[in-house]
Amino acid sequence: MQFASGLVKDSLADYLKKLPIPDTFLGWFSLSFSDWLKLVPFMGAVGGISYVTYRQIRPTHTINPSVKKGQGKVVDTVDIEDMTADQVSYCRCWRSMKFPLCDGAHNLYNLRTGDNIGPLVVKKSS
Ligand code: FES
């Protein structure tokens with residue numbers, strides 16, 4: 001543990017002190033090529049840590065839990081002219097086992113989550 005402590009407190013501190021980080025914004029424009037080369041490992045480490053942190057905390061919630069997950073985008077086309085029923089309900093909760101048609105699964109989803117999702121009802125005009 002003492003080795004790690006010394007590494008962070010001494011070696012890392014010395015390394016950071018030697019980095020050619022300018023005191024002003026305009027100082028970045030006067031850095032030499034070798035100064036930028038010295039900054040590359042540091043910037044790479046900061047970028048890598050930032051990326052890994054972002055990957056851990058980014059929102060991962062998806063709307064679609066299971067419908068056609070192998071496709072890049074779920075698109076369904078319905079020709080209104082071919083509608084035989086007077087009305088058809090289309091799922092908007094993405095939980096229907098008959099997707100894209102509504103099977104009432106939104107009721108259980110709403111009960112579990114407190115949401116108020118319902119289907120899109122398409123009616124024939126009379
Ligand atoms: S089952 Fe999804 S809206 Fe009815």
Side-chain angles (χ1 to χ4, degrees):
M1 188 66 196
Q2 197 167 9
F3 171 75
S5 172
L7 188 71
V8 170
K9 288 180 179 174
D10 299 329
S11 300
L12 185 61
D14 287 344
Y15 170 74
L16 292 173
K17 281 181 194 169
K18 290 177 185 169
L19 285 177
I21 297 175
D23 295 327
T24 63
F25 176 74
L26 292 177
W28 287 101
F29 297 101
S30 59
L31 290 179
S32 68
F33 182 73
S34 66
D35 289 339
W36 282 105
L37 283 180
K38 290 175 190 166
L39 287 171
V40 166
F42 173 71
M43 291 179 160
V46 169
I49 290 169
S50 300
Y51 177 73
V52 169
T53 303
Y54 168 74
R55 294 282 308 219
Q56 293 299 316
I57 65 172
R58 74 182 171 154
T60 56
H61 175 75
T62 58
I63 294 169
N64 175 6
S66 60
V67 177
K68 301 175 186 173
K69 292 303 271 187
Q71 296 182 5
K73 184 191 303 184
V74 178
V75 176
D76 294 296
T77 304
V78 176
D79 191 348
I80 297 291
E81 306 291 323
D82 295 340
M83 242 175 76
T84 55
D86 288 339
Q87 72 177 41
V88 178
S89 299
Y90 293 98
C91 179
R92 293 192 298 182
C93 74
W94 293 88
R95 267 81 187 160
S96 174
M97 297 303 286
K98 297 177 180 175
F99 196 89
L101 301 175
C102 172
D103 68 355
H106 61 269
N107 292 311
L108 182 58
Y109 176 76
N110 288 340
L111 205 62
R112 285 184 179 156
T113 63
D115 214 335
N116 63 350
I117 297 172
L120 166 68
V121 179
V122 178
K123 291 182 177 180
K124 273 187 178 175
S125 59
S126 47

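Everything numeric in this text was worked out from a predicted model, so none of it was measured.
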J.: I'd like to know if Tyr15 and Ile49 are part of one continuous hydrophobic network [Ile/Leu/Val/Met/Phe/Trp/Tyr, side-chain heavy atoms within less than 4.5 Å].
T.: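 Not linked; separate clusters.
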J.: In terms of hydrophobic clusters joined by side-chain contacts under 4.5 Å, are Trp36 and Val40 together?
T.: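 Unlinked, Trp36 and Val40 end up in two clusters.
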J.: State, without any angle test, whether Ser11 and Asp14 hold a side-chain donor-acceptor pair at a distance under 3.5 Å.
T.: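 Distance-only check fails for Ser11 and Asp14.
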J.: Just wondering, more than 12 heavy atoms not from Asp86 lying within 6.0 Å of its CG?
T.: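 Not buried by this count: 12 neighbours or fewer within 6.0 Å.
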J.: What are the two closest heavy atoms between Gly118 and His106, and how far apart are they?
T.: CA-CD2, 4.2 Å
J.: Heavy-atom count around Lys69 NZ within 6.0 Å, excluding the residue itself: above 12?
T.: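 It does: Lys69 NZ has more than 12 such atoms within range.
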J.: May I ask you to check whether over 12 heavy atoms, not counting those of Lys68, lie within 6.0 Å of atom NZ?
T.: yes
J.: Under 4.5 Å between any side-chain heavy atoms of Arg55 and Val52, yes or no?
T.: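 Answer no - side chains too far apart.
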J.: Give, for atom SG of Cys93 and atom CG of Asn110, the distance between the pair rounded to the nearest 0.5 Å.
T.: 7.5 Å
J.: Within the supplied structure, the quantity of interest is the number of heavy atoms (other residues, nucleotides, ligands) at a distance under 6.0 Å from Met43 CE; does it exceed 12?
T.: yes
J.: Could you check Val75, Val67, Val74, Asp76 and say which one makes a side-chain contact (heavy atoms from CB on, under 4.5 Å) with Pro100?
T.: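 That would be Asp76.
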J.: For atom NZ of Lys123, decide whether the heavy atoms of other residues, nucleotides or ligands shown that lie under 6.0 angstrom number more than 12.
T.: no
J.: Would you kindly confirm whether Leu101 and Val78 end up in one hydrophobic cluster when ILVMFWY residues are joined by side chain heavy atoms under 4.5 Å apart?
T.: yes
J.: What heavy-atom pair brings Ala105 and Asp103 nearest, and what distance separates the two atoms?
T.: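 Looking at all heavy atoms of both residues, the shortest contact is N-OD1, 3.0 Å.
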J.: Please round to the nearest 0.5 Å and tell me the distance separating atom CG of Asp10 and atom OG of Ser5.
T.: 7.5 Å
J.: Are there more than 12 heavy atoms of other residues, nucleotides or ligands under 6.0 Å from atom CG of Asp79?
T.: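 Counting other residues, nucleotides and ligands, CG of Asp79 exceeds 12 neighbours.
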J.: Anything under 30° is parallel, anything over 60° is perpendicular, the rest tilted; go ahead and classify Trp94 against Phe99.
T.: parallel
J.: Measuring only between side-chain heavy atoms, which start at C-beta, is Pro65 closer than 4.5 Å to Arg95?
T.: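 Yes, side chains in contact.
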J.: Considering all heavy atoms of both residues, which atom of Ser96 and which atom of Cys91 are nearest to each other, and what is their separation?
T.: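 Result for this residue pair: CB-SG, 3.7 Å.
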J.: What is the distance from atom OG1 of Thr84 to atom NZ of Lys124, rounded to the nearest 0.5 Å?
T.: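 Reported value, rounded in 0.5 Å steps: 6.5 Å.
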J.: In this structure, are over 12 heavy atoms from other groups packed under 6.0 Å from Leu16 atom CG?
T.: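 More than 12 heavy atoms, drawn from other residues, nucleotides or ligands, come within 6.0 Å of this atom.
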J.: Are Ile21 and Leu12 linked, directly or through other ILVMFWY residues, by side chains that come within less than 4.5 angstrom of each other?
T.: yes
J.: Leu39 versus Leu31: any side-chain heavy-atom pair under 4.5 Å?
T.: yes
J.: Would a hydrophobic clustering, with Ile, Leu, Val, Met, Phe, Trp and Tyr connected at side-chain separations under 4.5 Å, put Leu19 with Phe33?
T.: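 No, Leu19 and Phe33 fall in different hydrophobic clusters.
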J.: Nearest 0.5 Å, what's the CD1-SG distance between Ile117 and Cys102?
T.: 11.5 Å
J.: Quick one: does Val121's side chain get under 4.5 Å of Tyr90's, heavy atoms only?
T.: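 With C-beta onward as the side chain, the pair stays apart.
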